[in-house]
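Right, one structure below, let's go through it.
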Amino acid sequence: MFNIILFGPPGSGKGTQSEKLISKYQLKHLSTGDLLRSEIAAKTPLGMEAKGFMDKGQLVPDEVVIGMISSALEANPAAKGFLFDGFPRTEAQSEALDKLLQLKKTEIGVMLALEVTEEELVKRLLNRGLTSGRSDDTNEEVIRARIAEYETKTAVVADYYKKFDKVVAVKGEGTVEEIFGNLCSEIGKRMS
Ligand code: ADP
């Protein structure tokens, strides 16, 4: 099993690159953002609780997303590996993920951290908001709040995995194919 965390601020291209990576490496894609949006669409109690935080650009409470990831891991016992996208976003989530993977006798193989400047992020997110149907992409204030949440709460997650020498920074600007090529070459180095 080879498990990857695709890391980076909102708008850094995690969703786009995830699609390409799961197809190349046959991984199960676990995006907490997508899982939360399905819960909201299905109007579940979890979705209703999460929506208030998401609309403001704030992180959803740890226990909510950890529970969701734990169920998703259990629901996919035959997966060849997982690609975590948008998770973990806090140190508590990282510790919980490590424990969950340990129970499955596996671990994180690599954290790939996409790097993009803030002005480029805002530009991409506003642009995505024109077609994504995501209300959190149309309001610049909410976008800036998400980036601020990333800087104050999520950026430290990379320090957590650095302790285990698992982090590789990859430039998130350039063409989709160039970035994908760089991600694959880093995965290749760690898989062998
Ligand atoms: P983006 O990273 O582009 O903002 P996501 O789809 O990953 O988009 O996340 C959308 C929102 O869902 C976040 O702003 C946050 O409110 C919530 N969310 C997603 N993943 C997590 C997580 N691991 N922990 C807490 N909140 C999360």
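Indexing begins at 1, ligand by ligand and atom by atom, following the structure's order. Computation of the quantities below employed the complete heavy-atom set of this structure, encompassing side-chain atoms and omitting hydrogens, waters and symmetry-equivalent molecules.
- The residues Lys153 and Glu91 are annotated as not salt-bridged, no charged nitrogen and carboxylate oxygen being separated by less than 4.0 angstrom.
- The side chain of Val65, and not its backbone, has at least one atom closer than 4.0 Å to an atom of ligand 1 (non-hydrogen atoms only; side chain from C-beta on).
- A heavy-atom separation below 4.0 Å is found between Arg128 and ligand 1.
- The CG atom of Leu46 lies 4.5 Å from the CD atom of Glu39; values are rounded to the nearest 0.5 Å.
- Applying the side chain to side chain contact (heavy atoms under 4.5 Å, CB included) test to Thr152 and every residue at least two apart in sequence or in another chain returns Glu149.
- Scanning the protein heavy atoms around atom 4 (O) of ligand 1, the nearest turns out to be Arg146 NH2, 2.8 Å.
- Considering backbone and side-chain N/O of Val60, one or more are found under 3.5 Å from N/O of ligand 1.
- Proximity of Arg134 to ligand 1 is established by a heavy-atom distance of less than 4.0 Å.
- Other members of the hydrophobic cluster containing Val116, listed by chain and number, are Leu121, Val122, Leu125, Leu126, Ile143, Ile147; membership follows side-chain contacts under 4.5 Å among ILVMFWY residues, whether direct or relayed.
- From the protein, the heavy atom lying nearest to atom 11 (C) of ligand 1 is Met54 CE, 3.7 Å.
- Counting the atoms of ligand 1 from 1 in the order shown, those under 4.0 Å from a heavy atom of Lys14 are 2 (O).
- By the 3.5 Å distance cut-off applied to N or O atoms, Pro10 is not counted among the residues near ligand 1.
- Put simply, the side chain of Arg146 gets close to the backbone of Asp136: a donor and an acceptor are under 3.5 Å apart.
- Contact atoms of ligand 1 toward Gln93: 22 (C), 23 (N), 24 (N), 25 (C) (distance under 4.0 Å to a heavy atom of the residue).
- Electrostatic pairing of Lys51 and Asp55 counts as a salt bridge here, judged by a charged N lying under 4.0 Å from a carboxylate O.
- For the pair Asn3 (side chain) and Phe82 (backbone), a donor-acceptor distance under 3.5 Å is present.
- Scanning the protein heavy atoms around atom 20 (N) of ligand 1, the nearest turns out to be Thr32 OG1, 2.7 Å.
- Not one N or O of Asp34 is nearer than 3.5 Å to an N or O of ligand 1, by distance alone.
- Atom 2 (O) of ligand 1 has Arg89 NH2, 2.9 Å as its closest protein atom, hydrogens excluded (heavy atom only).
- Between Arg144 and Glu140 a salt bridge is recorded (basic side-chain N to carboxylate O distance below 4.0 Å).
- Here the heavy atom of the protein found nearest to atom 18 (N) of ligand 1 is Leu36 CD1, 3.5 Å.
- Cation-pi check for Lys20 over Phe180 is met; the charged atom lies under 6.0 angstrom from the ring centroid and within 45 degrees of its normal.
- Looking at Gln58 next to ligand 1, an N or O pair under 3.5 Å apart turns up.
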